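Written below as structure tokens is the structure these notes are about.
Values below: all heavy atoms of this structure, side chains included; hydrogens, waters and symmetry mates excluded. On a predicted model such as this, the values are computed, not experimentally measured, just so you know. Just so we're on the same page: letters track the sequence lines, and every chain starts at 1.
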There are 2 protein chains.
Amino acid sequence: MSEPEADAVFHALADTTRRDIVRRAIRREQSISSLAERYTMSFAAVQKHVAVLERSTLVVKERRGKEQIVRANLDTLRRATRLLDEFEAIWRDRVVRIDALLAEEASGATTAPSTESER
Amino acid sequence: MSEPEADAVFHALADTTRRDIVRRAIRREQSISSLAERYTMSFAAVQKHVAVLERSTLVVKERRGKEQIVRANLDTLRRATRLLDEFEAIWRDRVVRIDALLAEEASGATTAPSTESER
DNA sequence: GTAACGTACAACCAAATGGTTGCACAACTG
DNA sequence: CAGTTGTGCAACCATTTGGTTGTACGTTAC
């Protein structure tokens, strides 16, 4: 997931109503009006939330007759999860590096300390 | 993760600079000024990004002498990952439900909902 | 002490967000 | 045909965001 895309996805997820819409859309396809019934806010407000989700590609809209059907895009959701998993991987890498460093110290090695990649 | 907390976490993650700060902080502790050096924006701007991350508890600050040290909080990161995993679980549940429904239809179950249209 | 460094915070600004209402329009229903 | 329903969109508003500059303050170095 490219960084700008990730911006859009996490922004879209940073709202309780939008996460709820995604959950409903995952369970089953939803028309925008059926979604709007569920919330106290106006139809237009819900429409805007759906638009935010659509821009992030977390959902796709598909016209069916006079209705617009909202479907969840699991792929984007998975890419977001994977991005968070990368953070975890960075953490594990750090642990490995520190372990290696400690082992080196313990063995009394006096050679050059690790070439920290610094990033 | 409570919903308002999730709002803060995903909002914090919805910015390339902030995700980058988190990555750096995971690799090693960072002072705010050492972080600020890495970006073209002002020190105050970086300070604000760190404040957003701190509010979401994705990082914690700890004073060390005159410096303020930023450390990543993996726990919050993991809770965010878990929340995304729940979406995946909803999806799997849907698949199971649909499979069950199809199996029921195929077996010509006595209580099949569509038997009315058979003749 | 003074100087330099790292930080905190306020004031300010432009742009984006999240909500509203109102209106137009296309597609079904009778 | 007329009426209802579902949608799209513009205009408007208050608040938040993401950046700036400037100032003040505590800590370390000399």
Side-chain angles (χ1 to χ4, degrees), chain A residues 3-25 28-72 80 118, chain B residues 2-25 28-72 80:
Chain A
E3 292 294 317
E5 192 188 3
D7 281 12
V9 172
F10 286 119
H11 167 66
L13 289 171
D15 181 281
T16 304
T17 301
R18 285 197 292 265
R19 286 194 303 278
D20 197 65
I21 289 175
V22 171
R23 289 195 194 93
R24 290 185 196 280
R28 66 174 62 196
E29 302 177 336
Q30 303 273 339
S31 71
I32 299 186
S33 51
S34 73
L35 283 171
E37 286 171 11
R38 306 288 185 159
Y39 308 99
T40 58
M41 70 189 76
S42 68
F43 175 87
V46 173
Q47 209 176 13
K48 280 192 184 183
H49 280 306
V50 172
V52 170
L53 288 168
E54 193 184 15
R55 253 181 283 140
S56 76
T57 73
L58 275 167
V59 307
V60 295
K61 287 197 303 188
E62 182 190 335
R63 181 163 287 281
R64 194 123 84 215
K66 77 178 160 185
E67 291 187 337
Q68 193 83 262
I69 302 298
V70 178
R71 287 189 296 109
E118 205 62 36
Chain B
S2 71
E3 292 295 316
E5 192 188 4
D7 282 11
V9 172
F10 287 120
H11 167 66
L13 288 172
D15 180 281
T16 305
T17 301
R18 286 198 289 265
R19 285 195 303 279
D20 198 64
I21 289 175
V22 171
R23 289 194 193 94
R24 290 186 197 280
R28 66 169 65 192
E29 301 177 336
Q30 303 271 342
S31 70
I32 299 187
S33 51
S34 72
L35 283 170
E37 286 171 12
R38 306 288 185 160
Y39 308 100
T40 57
M41 70 190 75
S42 68
F43 176 87
V46 174
Q47 210 176 13
K48 281 192 185 183
H49 280 306
V50 172
V52 171
L53 289 168
E54 194 184 13
R55 253 181 282 140
S56 76
T57 72
L58 275 167
V59 306
V60 294
K61 287 198 302 189
E62 182 189 337
R63 183 162 284 284
R64 193 123 82 213
K66 78 178 161 185
E67 290 187 336
Q68 193 83 259
I69 302 298
V70 178
R71 288 189 296 112

Roughly, in whole Å, what's the span from CG in A:Leu13 to P in C:dG18?
13 Å
Starting from C1' on D:dT17, measure out to CZ on B:Arg55 and report it in whole angstrom.
10 Å
After noting the C-alpha distance and the side-chain angles of B:Lys61 and B:Ile32, does the key distance pass the side chain to side chain contact (heavy atoms under 4.5 Å, CB included) rule?
CA-CA 9 Å; B:Lys61 287 198 302 189; B:Ile32 299 187; 3.9 Å; yes
Could you check B:Arg19 against A:Asp7 for side chain to side chain contact (heavy atoms under 4.5 Å, CB included), going step by step and ending with a plain yes or no?
CA-CA 9 Å; B:Arg19 285 195 303 279; A:Asp7 281 12; 2.8 Å; yes
d(CD, A:Glu67; C1', D:dT5) in whole Å
9 Å
Using atom CD of B:Glu62 as one end and atom P of C:dT7 as the other, report the distance to the nearest whole Å.
13 Å
Between C:dT17 atom C1' and A:Asp7 atom CG, what is the distance in whole Å?
15 Å
Figure out the CD/C1' separation between B:Glu37 and C:dG6, and round it to whole Å.
11 Å
When we call it a touch if two heavy atoms are under 4.0 Å apart, what does B:Arg64 touch: a base, just sugar-phosphate, or nothing?
nothing
Using atom CE of A:Met41 as one end and atom P of D:dC13 as the other, report the distance to the nearest whole Å.
22 Å
Go through C:dA27, D:dT21, D:dT7 for me and flag the one nearest to the A:Gln47 side chain.
D:dT7
With respect to the side chain of A:His11, which nucleotide from C:dT17, D:dG8, D:dG19 is positioned closest?
C:dT17
Provide, to the nearest angstrom, the distance between the CD1 atom belonging to A:Ile32 and the P atom belonging to C:dA27.
15 Å
Hey, does the side chain of B:Lys66 come within less than 4.0 Å of D:dA29's phosphate (OP1/OP2), counting only N and O?
no
Given D:dT20, D:dG8, C:dA8, which nucleotide is nearest the side-chain atoms of B:Phe43?
C:dA8
Side-chain (A:Arg18) to main-chain (A:His11) donor-acceptor, under 3.5 angstrom:
yes
Look only at the side chain of B:Gln68 and the backbone of B:Arg63, and say whether a donor-acceptor pair between them is shorter than 3.5 Å.
yes
For a quick check of understanding: with a heavy-atom distance under 4.0 Å over all strands, which category does B:Ala44 fall into, base, sugar-phosphate or nothing?
base
Go nucleotide by nucleotide along DNA chain C from the 5' end; which of A:Ala14 and B:Ser31 gets its closest nucleotide reached first?
B:Ser31
What nucleic acid atoms does A:Ser33 come within less than 4.0 Å of, heavy atoms only: base, sugar-phosphate, or nothing?
sugar-phosphate
A:Arg23 atom CZ: more than 12 heavy-atom contacts under 6.0 Å
yes
Counting heavy atoms from C-beta on, name the nucleotide in C:dA11, C:dG18, D:dG6 closest to the side chain of A:Arg18.
C:dG18
Nearest to the side chain of A:Lys48 - D:dT20, C:dA8, C:dT20?
C:dT20
With the side chain defined as heavy atoms from C-beta on, B:His49 is closest, among D:dG18, C:dT20, D:dG8, to D:dG18
Nucleotide nearest A:Ser42 when distance is taken to its side chain, options C:dT21, C:dA8, D:dG8:
C:dT21
